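Notes follow the structure.
Each chain gets a letter, A, B and so on, in the order the sequences are listed, and its residues count up from 1. Here the structure is a predicted model, which is why all the values come from computation and not from measurement.
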Amino acid sequence: MSNKIDELFRKVILEDAKEQSKLLEEQKKALNRNPIYTADPLRIENLMEEKLEKKDRFSWNFGFIRMPRRASFTVAAVVLILLAVFIPLTSTAARAQISELIVSITSRFTNYTLFDPEGWYDTPHMKYRPGYVPEGYTLVEDFDSGGIIDLYYENAEGQYFNVGITVEGGTVQVDTENAEIEPIIIQGVEGTILTKQDRTHIIWTTNERIFEVVGTINRDEIIKIAESLQNE
Amino acid sequence: MLFLMLMAIESEDDQAFLIDLYNEYCQLMCDKAESIVHNKQDAEDIVQDMLAYMIANLQKFRKINCCTLPFYLVMCIKRRCINHLKQREVQKKHIVGSMDHTSFSFEYSDPAKPVDEQVLLQLRFEQVQEAFTFLPEKIKDVLRYKYLLELSDREIAEILGIKKNSVREYLTRARKAVCKICEEKGYV
């Protein structure tokens, strides 16, 4: 039944549409008589062109708004390219400059310089080793360049200590910033013991060499290792 | 863009049909659109959108009876104008054919009373047609969306700015209004 009513209304609406269309046809004729609306076979193409021109005019009129946006995109693109090219250089340079600045304006890095470099080349070949090595530590790296000896010991837990002896080059840098610094006597000579966070650093010099022992093991152990260091 | 869309129509026959249709009714559609949106440029944009719709639904337009085609196009334009006005958030001032619940609170509406389908079926087509002419224009538009443009309830709801479920209720009220008019005229 509802379908029949739908059909009835559809019929009424279509008839209404016919009547309305007749009226619209009359209106259309009146519009066509108006020269402003004169039909043109090429009207559709003309409308397309007008549409495009309108877009151009819009762009022109609002160019002052769009230009900054375009300019900003361009600038952003150029900046990104420049950053991509120069970041490696600038960052390295910047780091170097910052590092130099810190060193130059603060005394937080201490240079230990061989007091008397004479006789370096007369030094017989040395083979220093700690006489005491805490249990569980093994030598994992033995670096000997002839002028610098670097022994690296490590245990299974990742704790380490490092023995360094410098006979050439003359200078060892030690991070003394915010470190607890105390004098200490090692092997009969005056040295320095620094404690910073979990790291302990002992450094002492002789006329020929700079010795250092540094590690994350406890202070007493570090001292014991330093005392045991000997040339085999 | 639209020119490219036209180029996308493969059949030359279809292209010719569409160009003829557009040339024939472009002015009328622009005029109707402008009368609703009150802005020539917006009206032209709406007609351009209509052209895109015609291209996408070419076969549908081919099937439309030429006697009803002008009104069909105008109703399509009207629908787009309403959507356009809604988008501009000025529909409260200018919208034509907008619907809300108060639009149906005319004297023929009685929600409590069910539609007497038997009464409607007893009516002759001419009597319903005559009753239809007495309906408010807004009610007519709902019926036109339903039966001429064959829009779904969801689409009608979007145009009217109501819930989808309310569309069926509004159609029922329109039918009741027709029954009431016919009763008053003594047709039943």
Practice prompt. Output, in order, the C-alpha distance, side-chain angles, deciding distance and verdict of side chain to side chain contact (heavy atoms under 4.5 Å, CB included) for L171(B) and F9(A).
Written response: CA-CA 11 Å; L171(B) 291 170; F9(A) 272 91; over 6 Å; no
Does a side-chain heavy-atom distance below 4.5 Å link [X] with [Y]?
X: R175(B); Y: L8(A); answer: no
X: K32(B); Y: Q27(A); answer: yes
X: F71(B); Y: E25(A); answer: no

Reported [atom1]-to-[atom2] distance for the pair [X] and [Y], which is rounded to 0.5 angstrom:
X: D16(A); Y: R144(B); atom1: CG; atom2: CZ; value: 4.0 Å
X: I13(A); Y: L143(B); atom1: CD1; atom2: CG; value: 4.5 Å
X: L24(A); Y: Y25(B); atom1: CG; atom2: OH; value: 9.0 Å

Response to the item:
Applying salt bridge (charged side-chain N to carboxylate O under 4.0 Å, His left out) to R62(B) and not counting sequence neighbours gives D13(B), D14(B)
Worksheet, complete the sentence: Applying a strict 4.5 Å limit to non-hydrogen atoms, the region of L73(B) in contact with chain A is neither
Worksheet item: Heavy-atom distance under 4.5 Å to chain A: side chain of K146(B), backbone, both or neither?
Response: neither
Worksheet entry | Minimum-distance pair of heavy atoms, taken over all atoms of C67(B) and S21(A) | O-CB, 2.9 Å
Practice prompt. Establish, from distance only, whether the side-chain atoms of Y147(B) and E7(A) form a donor-acceptor pair under 3.5 Å.
Written response: no
Worksheet item: Is a side-chain donor-acceptor pair under 3.5 Å present for K11(A) with Q129(B)?
Response: no
Worksheet item: Counting only N and O atoms by type, is there a donor-acceptor contact under 3.5 Å from the side chain of T68(B) to the main-chain atoms of K18(A)?
Response: no
